There are 2 protein chains.
Amino acid sequence: MKYIEKLRNSGLRPTKQRLQICEVLFNNKETFHFTINNLAKKIKKSLNAKISLATVYNTVHAFEKKGYLKKISINTDQTFFDTNTTDHHHFYDLNEEKLIDIKNSDVGPIKILKKIEGKKIKSVEVLVKLED
Amino acid sequence: MKYIEKLRNSGLRPTKQRLQICEVLFNNKETFHFTINNLAKKIKKSLNAKISLATVYNTVHAFEKKGYLKKISINTDQTFFDTNTTDHHHFYDLNEEKLIDIKNSDVGPIKILKKIEGKKIKSVEVLVKLED
DNA sequence: AATCTTATTTATAACGATTCTAAAGAACTG
DNA sequence: CAGTTCTTTAGAATCGTTATAAATAAGATT
């Protein structure tokens, strides 16, 4: 069980539910984007397990806090998460309401010429909205 | 009343409430960021009027649709609006939970090297998160 | 101005996403 | 195994937002 150690090392007990969610989230060739509801359905299908919605919330937030997931900002009512935790950017397709990754190397270097006294930059995220 | 024509030209009836909200939103030297709750309080103080929360929502959304306000994406539970509708970017101060504008000219040109078949770029927004 | 029509406001109910709660169950420690 | 702590769970509670339907105001028509 490849996730047991990873969880334990993060101070999270490797429970059955967490391990199952790990399977769904991290046992893929490609990273992907999801909403909580989205993920809850995926879990119900992918495994034939019923994990309580509260647990899905708990787990996703725990994983986010540990840095295994990233929350993504789009001005919509939906909250998206990303299993790709590396620095990168996004397209947001306004018609299909879907996210698409943009590799860092596919965005020219971004120079922020303005500085704020006493603050340092934690991240720079580019969101490119697409329409037909 | 300087907003009456503006509203009428947008197909919005210049009601007392809308005109009052226009005062609060657009009668300022500087543009600013706000949340709905935020704005509702400001209205209650600035003017001594009590506008129904539903009307504040309606009006803000109407103004947004007409392009007089911009919604801003940050991954937090709060929905921000901006009275600055020109193309620009933002700092988000994670500690103070506050937005700061970045003029377009303070961000070097952004090259998006990836293209999506059949889609065109509607906007490019940069969000720079700040910490202490 | 009186009347008609349509848009707007309003309080409140309804909603959906998320969080909280407290009890039951599972994981860890010695 | 016994004791402790963490996790899961269903359901209640909460929060921001949207829908509802009646009252009101604006605009158009006469």
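Computed from a predicted structure; not experimentally measured. Each chain gets a letter, A, B and so on, in the order its sequence line appears, and its residues count up from 1.
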Show, in sequence, the C-alpha distance, side-chain angles and deciding distance for Tyr92(A) and Ser73(B), and conclude whether the side-chain hydrogen bond (donor to acceptor under 3.5 Å, both in side chains) test is met.
CA-CA 12 Å; Tyr92(A) 182 62; Ser73(B) 27; over 6 Å; no

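Rounded to the nearest 0.5 Å, atoms CD (Glu97(B)) and OG1 (Thr76(B)) are 6.0 Å apart. Atom CD1 of Ile72(B) is separated from atom CD of Gln78(B) by 12.0 Å, given to the nearest 0.5 angstrom.
When the side-chain nitrogen and oxygen atoms of Gln17(B) are compared with OP1 and OP2 of dT10(C), one or more of them lie within a distance under 4.0 Å. Remark: Ser52(A) is in phosphate contact with dA10(D), judged by side-chain N or O atoms under 4.0 Å from OP1 or OP2. Dashed line: the shortest gap from a side-chain N or O of His61(A) to OP1 or OP2 of dT18(C) is not under 4.0 Å. Between Tyr57(B) and the phosphate of dT18(D), there is no side-chain N or O to OP1/OP2 separation shorter than 4.0 Å. OP1 and OP2 of dA17(C) both lie 4.0 Å or more from every side-chain N or O belonging to Thr79(A).
Listed nucleotides: dT18(C), dT8(D), dG16(D). Nearest to the side chain of Asn37(B): dG16(D).
Distance, Lys65(A) NZ to dC6(D) C1': 15 Å, rounded to whole Å. In this structure, CG of Leu53(A) is placed 18 Å from P of dA13(D), rounded to the nearest angstrom. Between Asn58(B) atom CG and dT8(C) atom P the separation is 9 Å, expressed in whole Å. Regarding Phe80(B), its CZ atom lies at a distance of 11 Å from the P atom of dT17(D), rounded to whole Å. Regarding Lys66(B), its NZ atom lies at a distance of 9 Å from the P atom of dT8(C), rounded to whole Å. To the nearest angstrom, P of dT14(D) lies 17 Å from CG of Asp77(B). Rounded to whole angstrom, the span from the CD1 atom of Ile51(A) across to the P atom of dA10(D) amounts to 11 Å. dA25(D) atom P lies 15 Å from atom CZ of Arg18(B), rounded to whole Å.
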Treating primed atoms plus P, OP1 and OP2 as sugar-phosphate and everything else as base, which nucleotides of nucleotides 20-30 of chain C get B, S or - for protein heavy atoms under 4.0 Å?
B-----BBS--

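Remark: the backbone N or O of Thr59(B) is not paired with any side-chain donor or acceptor of Arg18(B) at under 3.5 angstrom.
Residues Asp101(B) and His33(B) bring a donor and an acceptor atom of their side chains to less than 3.5 Å of each other.
Cluster annotation: Ile121(A) is not connected to Leu127(B) through the hydrophobic network of ILVMFWY side chains, with a link wherever side-chain heavy atoms come within less than 4.5 Å.
You'll find the side chain of Ile102(B) reaches within 4.5 Å of the side chain of Val128(B), heavy atoms only.
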